[in-house]
Amino acid sequence: MDNKQSIPVPDNKENEMQEEVEEEIKLLPPNNTIYINNLNERISIDDLKQELFKLFSEYGSILEIKAKKNIRMRGQAFVVFEQIACAQKAIEALNRKNFYGKALHLNFAKTKSDAILKREGAYAPRQPKIFNAADFIEERQSNKKQKENLKNKESATAKLAAQPLVQNTIIQPHHTLFLENLPINSNTEVIKAFFATFPGFKEVRLVPQKRVAFVEYEDENKATAALASLQSFKIGDQTVTANYAKA
DNA sequence: AGCACA
């Protein structure tokens, strides 16, 4: 609900202008590790790592992927390649690619990853971190939140299970999303072009007469991630609503 | 915006 996204309309001049303005990012000297930022922060770290792996492993073998969700490190990730040349290829191919609704910002990392230092026998355990109260508190809070979320989830499913078998109106997560209020003339290609930018996309089934569509993803998690990234979005100037399909 | 490595 806080981030509106829109499907570019072909003959909309404003959109064309914006694309031309995209500035080049200056690359740092080559490194085994790619530093990524501008990542969609609503995606869970696990999903993020998995999808980054799928995407980047096409360009060479990956030693590891690091990502954290604390204030300082969220929205960023490190992909460590076995070979620098592969990191280079990946940057060339993937920079600015749409990923979970946002453009990947890729660069070489500023420093060597520990994994690489270890491989070179040059790894020396860093100075023990100076105690940082802010980090400490933040970590505690995010742990607490995680626990709360888990508890909420559990109690929600418990509630759901406790309900009588009368049809309930709660919409449960589903691997398919349901789109409503589509513009009269919308076509599958336009919808597909947009939803395929979210990992795990499978297909769109449009029901033109009803101006609704079903957007199918590999699994519930992928559908959830896509949905989380776009509470509302537009085709032209029409706001389309999305939710899980009913089971 | 934000370059880490439990």
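Quick caveat, the model's predicted, so the values are computed rather than measured. Chain letters run A, B, ... following the sequence lines, proteins first and then strands; every chain starts at 1. Computed over heavy atoms, backbone and side chain alike; hydrogens, waters and symmetry mates excluded.
Annotation: side chain of A:Asp47 is in contact with side chain of A:Lys222 (closest heavy-atom distance under 4.5 Å).
Per the geometry, OH belonging to A:Tyr123 stands 11 Å off C1' belonging to B:dA4, to the nearest Å. Atom C1' of nucleotide B:dA4 and atom CG of A:Asn32 are separated by 15 Å, given to the nearest angstrom. The separation between A:Ile36 atom CD1 and B:dA4 atom P is 15 Å, rounded to whole Å. With rounding to whole Å, A:Ile71 atom CD1 is found 14 Å from B:dA1 atom P. Rounded to whole Å, the distance from CG on A:Asn38 to P on B:dA1 is 9 Å.
Geometrically, A:Lys118 engages A:Tyr123 in a cation-pi contact defined by less than 6.0 Å to the ring centre and at most 45° from the axis.
Within residues 105-118 of chain A, the residues having any heavy atom closer than 4.0 Å to DNA chain B are, in order of number, A:Phe108, A:Ala109, A:Lys110, A:Thr111, A:Lys112, A:Ser113, A:Asp114.
Counting non-hydrogen atoms under 4.0 angstrom, A:Leu28 reaches a base of the nucleic acid.
A donor-acceptor contact shorter than 3.5 Å is absent between the side chain of A:Asn37 and the backbone of A:Ala77. No donor-acceptor pair under 3.5 Å is formed between the side chain of A:Asn181 and the backbone N or O of A:Gln238.
For the salt bridge (Lys or Arg N to Asp or Glu O under 4.0 Å) test, residues two or more places apart in sequence or in another chain that qualify with A:Glu218 are A:Lys54.
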Side-chain donor/acceptor pairs under 3.5 Å, residues 182-201 of chain A, sequence neighbours excluded:
from	atom 1	to	atom 2	distance (Å)
A:Ser186	OG	A:Pro183	O	2.6
A:Thr197	OG1	A:Phe194	O	2.8

